[in-house]
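Chain naming here is simple, since letters A, B, ... match the order of the sequence lines and numbering starts at 1 in each.
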Amino acid sequence: MNTPVLNSGDTAWMLISTALVIFMIPGLAMFYGGLTRSKNILGTMMHSFIAMGVILLQWVAFGYSLAFTDGGSWVGGFDAIFLRGIGPDSLHGSIPTFVFIAFQGAFACITPALISGAIAERVRFRSYVLFILLWSTFVYDPVCHWVWQNHGFLFKQGVIDFAGGIVVHLTSGISALIACLLLGRRADLDKGIIPHNVVFVVLGTGILWFGWFGFNAGSALASNGLASLALLNTFVGPAAGLCTWITLEKLILKKPSTLGAATGAIAGLATVTPAAGSVMPVEAMLLAALTTVVCYFFVSHKSRLNVDDSLDAFGVHGIAGILGPIGCGLFASYGYNSIFHHQSMSALNGTSQLLLQIKAVAVVAVYSAVVTAILVLALRKFTGFRVSREQEEQGLDLSLHGERAYN
Amino acid sequence: MKKIEAIIRPHMLDAVRKALGDRISGMSITEIKGFGRQRGHSEVYRGNEYRIDFVPKIRMDIICKDGDVDALIQILMDSARTGKVGDGKIFVYDVAQAVRVRTGERGADVI
């Protein structure tokens, strides 16, 4: 091993990427906020925003240590608790460890916030905060270790997850499905609940897309050709998703909708995330388009299922989190696992990689589902997870936060 | 004195106001939602169809002298009409009293 040397170009790009990923959180808040009814927009935006507060503190306190110190195959250790022993001169590859911690901390913040889309408009704030803290500790941090830390058992087996299809979208999407199943439907669901501000949704999508360039291209952890591939894939993937969704709408419903364009773009973004550094742009387009078809038919038929995935956290992120990483196994042609980019593609051979990807998706899905179920049931018993019927009627903004968005 | 209450399509408001010109010395409008024969319409979000019962309309209230009612109704009908279901309705009520707040004047001269 060569002694690591700081590269100022890499460091500059990673500093910017970190800020880009953090900007996705208000983007997500806008995206989700616009989809809810006007009486719940602040409560919904808060679900994303609060993650930027509490999860970042958890990350610095012990989350980073659990995810990224050596430990064992299953979870990291406590060596870097409160970032003990790390200074401005510490390096992670060619960038300062502090930049790596901040970049990964932004991922840790946005992942639990994604779950909030499935349980929107009906959860108690206190319980939600406890939930995301526990979920980060028991789901995100370990899974992050499995897939992205070089002692993690899935990493060692060579699973490809460039920027977090498994670590981010699969964990949050599956957990979203379990959480909304256990929490039950919103009281007014049968009356028909429609988005109160599609403008916010489109704006939020734009911000998310913009931030996603940092999310994916930053996952190269360097300013190089791999980052350029990830950036281009982050362009063509959502473009394919957007066009696929509105084409289906035009064919089936006769009218292409703005909300559909935004949703397709997000489905494409989430799909391309695990593959961004492993497939060529043409394959990224194909993978994003195929996944978007599945998302479309799931989301447009969800009323037949007895679940209230309010803002389609599972319908978009969960499905993309399943199909994206599996698609990687099919399409990977330029293989790198982002975080430690010296895994050469020669190690991959067709079928075995596909089976490995499927196995990783299955293991992480089952683990996320089980832990989420335990957390939700425990919180429901000890603190109550749902707001009262009156509070739900009045809206979270007024009943939980004492304010209204529109005066 | 009579009150003419007209429910019209929102996008016809400017045309109606123009047509009324200075035949009236005042009116008030309210943005309302409701349904009549037009019923509602359906909207589609993420492939799911939602029935919207209440359609946005404008309600205009005009107080006028008894003799002006028929002429005003004719103007409203001519200017608010598109010929399709959903053009609206006009109701006429008797008004018992009118008072100008500033001076305390009463009766038909107030309007």
Side-chain angles (χ1 to χ4, degrees), chain A residues 31-32 34-37 117 188-198 201-202 205 241 244-267 292-305 308-316 319, chain B residues 3 5-18 20 26-63 79-91 99 101-102:
Chain A
F31 181 77
Y32 277 167
L35 287 169
T36 60
R37 289 166 291 178
D188 290 337
L189 186 64
D190 295 332
K191 293 183 198 164
I193 298 175
I194 58 175
H196 90 284
N197 193 332
V198 178
V201 180
V202 177
T205 303
T244 303
W245 194 291
I246 59 167
T247 304
L248 289 169
E249 280 188 336
K250 178 70 187 158
L251 293 174
I252 297 165
L253 302 162
K254 312 294 176 220
K255 287 178 182 169
S257 74
T258 318
L259 180 61
T263 310
I266 296 293
T292 303
V293 172
V294 180
C295 291
Y296 177 87
F297 284 104
F298 181 87
V299 169
S300 60
H301 290 83
K302 69 169 178 176
S303 56
R304 295 187 193 174
L305 304 169
D308 182 14
D309 178 4
S310 322
L311 316 179
D312 301 312
F314 176 77
V316 176
I319 288 176
Chain B
K3 179 172 110 170
E5 179 185 301
I7 292 168
I8 61 166
R9 294 182 191 273
H11 72 270
M12 302 306 281
L13 177 62
D14 287 344
V16 173
R17 172 69 194 100
K18 211 168 177 180
L20 287 166
M27 70 189 288
S28 52
I29 63 160
T30 319
E31 292 177 10
I32 56 166
K33 285 180 175 180
F35 68 86
R37 282 201 193 167
Q38 185 185 7
R39 314 301 297 177
H41 59 270
S42 61
E43 293 176 10
V44 180
Y45 297 97
R46 287 184 168 166
N48 294 282
E49 200 168 330
Y50 298 87
R51 193 72 213 144
I52 307 296
D53 276 336
F54 298 105
V55 185
K57 294 283 169 189
I58 294 283
R59 187 180 73 201
M60 46 200 325
D61 296 311
I62 303 169
I63 314 295
S79 58
R81 192 165 177 280
T82 67
K84 298 200 189 85
V85 179
D87 278 348
K89 291 208 169 57
I90 298 172
F91 306 102
V99 180
V101 173
R102 177 169 53 87

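Looking only at distances, a side-chain donor or acceptor of A/Asp309 sits under 3.5 Å from a matching main-chain atom of A/Gly315. No donor-acceptor pair closer than 3.5 Å links the side chain of B/Lys33 to the backbone N or O of B/Asp53.
Annotation: the span from A/Asp190 atom CG to A/Ser303 atom OG amounts to 10.0 Å, rounded to 0.5 Å.
Heavy-atom distances place the backbone of A/Ile193, and not its side chain, under 4.5 Å from chain B.
Judged as a side-chain hydrogen bond (donor to acceptor under 3.5 Å, both in side chains), and not counting sequence neighbours, the contacts of A/Lys191 are A/Asp188. In terms of the ring-ring contact (aromatic ring centres under 6.0 Å, His included) criterion, A/Phe297 has no residue partners (sequence neighbours excluded). With sequence neighbours left out, A/Phe31 forms a ring-ring contact (aromatic ring centres under 6.0 Å, His included) with no residue at all.
With chain B as partner, the option from A/Leu248, A/Leu35, A/Val198 having the largest number of non-hydrogen pairs under 4.5 angstrom is A/Leu35. Comparing A/Gly264, A/Pro195, A/Gly192 by heavy-atom pairs within less than 4.5 Å of chain B, the highest count is held by A/Pro195.
Counting heavy atoms from C-beta outward, B/Phe54 and B/Ile32 have side chains that stay 4.5 Å or more apart.
Applying a 4.5 Å heavy-atom cutoff, the residues of residues 40-50 of chain B that approach chain A are B/Glu43, B/Val44, B/Tyr45, B/Arg46, B/Gly47, B/Asn48, B/Tyr50.
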